[in-house]
*Asks:* 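Okay, handing you the structure first.
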2 protein chains.
Amino acid sequence: MKNKKSICDLEQCQEIGQTCAVFNLRKASRAITQLYEEMLRPSGILPTQFTLLVAVRGMGPIAISKLADQLVMDRTTLTRNLKPLERDGLLRVIPGMQDQRSREVKVTQKGINQLGIALPLWRDAQRKIRKALGDSRLDRMLDDLSAVVEAAYIH
Amino acid sequence: MKNKKSICDLEQCQEIGQTCAVFNLRKASRAITQLYEEMLRPSGILPTQFTLLVAVRGMGPIAISKLADQLVMDRTTLTRNLKPLERDGLLRVIPGMQDQRSREVKVTQKGINQLGIALPLWRDAQRKIRKALGDSRLDRMLDDLSAVVEAAYIH
DNA sequence: TCATACTAAGTGTATATGCACTTATTCATG
DNA sequence: CATGAATAAGTGCATATACACTTAGTATGA
C-alpha cells in the first residue's frame, strides 16, 4: 500500500476550501473591502480608515490599548494604522492625563468633516450589500460574525 | 440651529460600528485568523499559507492569474504570498507550457508533508469554531459569506 | 522607600493586501 | 506578415496585520 491513505489528496483539499472558516472569512473580507474601497474612493479615504475614524468618534477620546481591545486588533497594528490618519490631520493622539504612559486618540474637526464626506458613500455601499443579501440575511450574518469574534478571540 | 443635523454624531457612529459590513467582516477575519494562527503554530505554518497550500493542492498546477481569481485575491498579492512558500520549498512556480507568459504553481512533496502535519491542527481549529457556533449556524454563515463574495466581487 | 512586578506604548521584522505602472508574450486584424 | 490590442506577470509604493522585544511609567509589598 502507498501512504497511510495518502494524506491530503485532491478531493480532501477541495472540501477544506469549502468548509475552512478562516479561508472563507478572509476571502469574504477581501471581497467586501474591495467593494467599499471602490465606493468610498471619491472621498479619498480607505474603508479601514473610515471604520477606524468612526470607531474613535463613537468611543470618544480613548486610550490606544482600550481601542485595540474593542476593535479586536493587535495594539501594535492599531498604533501603525493611526499613523496615516494622524499624518493627514484626521485624528490626533495626545498624552493621557492620569497615566503618563497612555496616549489617547481623538477625531479632529477635519476628521469629522471627512466623515461627513464619506458617510453618504458608505451608505451607498451598505445599501448595495444589504440589497444583495436581503435585510434579514445581512443582520443574521452580522450576528454570526459577532459569535465568531466571541468564539475566536483570545482574551 | 447648529449644522444641518450635526452630521456624524456619537450615536450615529456607534450604530455604524454595529451595522457596517466591512468593519464587522474584517473584525471577524482578524479574530478567526488569530485563532487559527494559535492552533496551527506547532506546525510552523500560518493560516494564510495553509489555505494557500490547500488551494493549490486542490486545483492542481494552476496559473497565477487563474488562482488569484479563484481566491478573490489581487494577482499581485498572490504573487507575493507565494514567495515565502516558494522560499521554504513548499511549492514551486514553473513556466507555463502553452503560454510562455504564464507561470504555474504546484505543491511540492515537502509541501504535501507540511500539509499532513498541519491538517490535524486545522481540524482541531475547525472543531473548536464549529462547536462554538453549532453545525447549522456555521454552515449557514459559510453560505452567507459566499453570497457576500458574489455580491461584492467586481468581476 | 525601594525593589520588583505590572502595564502602556513604541520599534524591528515579517507577512498580507492591492493600486499604478512596466515588461514580455500572444492574439487579432488589416 | 506586421502592427496594434489584449493578456500574464513582475515591481514600486503604501497600507494592514501581528509577534517579539524594548522602554518608560505605575503599582505593590517587604
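Within every chain, numbering begins at 1; the chains are lettered A, B, ... in the order of the sequence lines, protein sequences first and strands thereafter. No experiment lies behind these values; they were computed from the predicted model shown.
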*Asks:* Between L52(A) and L67(A), what is the shortest heavy-atom contact and its length?
*Replies:*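 Distance-wise, the nearest heavy atoms are CD1-CD2, 4.3 Å.
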*Asks:* Would a distance-only check, ignoring hydrogens and angles, find a side-chain to backbone donor-acceptor pair under 3.5 Å from Q49(B) to P84(B)?
*Replies:*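 Side chain of Q49(B) to backbone of P84(B), a donor-acceptor pair under 3.5 Å: no, none is there.
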*Asks:* Which heavy atom of L82(B) sits nearest a heavy atom of V93(B), and at what distance?
*Replies:* CD1-CG2, 4.3 Å
*Asks:* Under 4.0 Å from any atom of DNA chain D, heavy atoms only: list the residues of residues 80-102 of chain B that qualify, in numerical order.
*Replies:* R80(B), R101(B), S102(B)
*Asks:* Measure the shortest side-chain to side-chain distance between M141(A) and L145(A) over non-hydrogen atoms and say whether it is less than 4.5 angstrom.
*Replies:* yes
*Asks:* Contacts to DNA chain C from residues 40-55 of chain B, heavy-atom cutoff under 4.0 Å, which residues?
*Replies:* L46(B), T48(B), Q49(B)
*Asks:* So, OP1 or OP2 of dA9(C): does either fall under 4.0 Å of a side-chain N or O from S65(A)?
*Replies:*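 For S65(A), the contact criterion (side-chain N or O under 4.0 Å from OP1 or OP2 of dA9(C)) is met.
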*Asks:* Does the pair L53(A) and I45(A) meet the rule for a side chain to side chain contact (heavy atoms under 4.5 Å, CB included), with working shown?
*Replies:* CA-CA 10 Å; L53(A) 265 188; I45(A) 196 173; 3.7 Å; yes
*Asks:* Which heavy atom of V54(B) sits nearest to which heavy atom of L115(B), and what is that distance?
*Replies:*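 Here V54(B) and L115(B) meet closest at CG2-CD2, 3.7 Å.
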*Asks:* Can you spot which of T51(A), T33(A), T48(A) makes a side-chain hydrogen bond (donor to acceptor under 3.5 Å, both in side chains) with R26(B)?
*Replies:* T33(A)
*Asks:* Need two values: the first and the last nucleotide of DNA chain D, 5' to 3', having an atom under 4.0 Å from any heavy-atom of chain B.
*Replies:*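 Extent of the interface on DNA chain D: dA6(D) to dA20(D).
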*Asks:* Side-chain contact, heavy-atom cut-off 4.5 Å: Q114(A) with F50(A)?
*Replies:* no
*Asks:* Would you call K66(A) and D69(A) a salt bridge, taking side-chain N to carboxylate O under 4.0 Å as the test?
*Replies:* no
*Asks:* For Y36(A) and P47(A), work out which heavy atoms get closest and say how close.
*Replies:*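 For Y36(A) and P47(A), the tightest heavy-atom pair comes out as CB-CB, 4.0 Å.
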*Asks:* Quick one: salt bridge (Lys or Arg N to Asp or Glu O under 4.0 Å) pairs with a partner in residues 93-107 of chain A, sequence neighbours left out?
*Replies:*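 Applying salt bridge (Lys or Arg N to Asp or Glu O under 4.0 Å) to every pair that reaches into residues 93-107 of chain A, excluding sequence neighbours, yields D99(A)-R101(A).
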*Asks:* Of the residues in residues 69-79 of chain B, which ones touch DNA chain C at a heavy-atom distance under 4.0 Å?
*Replies:* M73(B), D74(B), T76(B), T77(B)
*Asks:* Which heavy-atom pair separates C20(A) from L142(B) by the least distance, and what is that distance?
*Replies:* O-CD2, 4.3 Å
*Asks:* Answer yes or no: is there a donor N or O on one side and an acceptor on the other, between the side chain of R30(B) and the main chain of L71(A), under 3.5 Å?
*Replies:* yes
*Asks:* Heavy atoms only: give me the nearest P95(B)-M97(B) pair and the separation to one decimal.
*Replies:*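 For P95(B) versus M97(B), the nearest heavy atoms are O-CE, 3.4 Å.
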*Asks:* Contact list please: residues 16-30 of chain A against DNA chain D, heavy atoms, distance less than 4.0 Å, in numerical order.
*Replies:* none
*Asks:* Checking the side chain of Q14(A) only, and the main-chain atoms of M59(B) only, is there a donor and an acceptor separated by less than 3.5 Å?
*Replies:* no
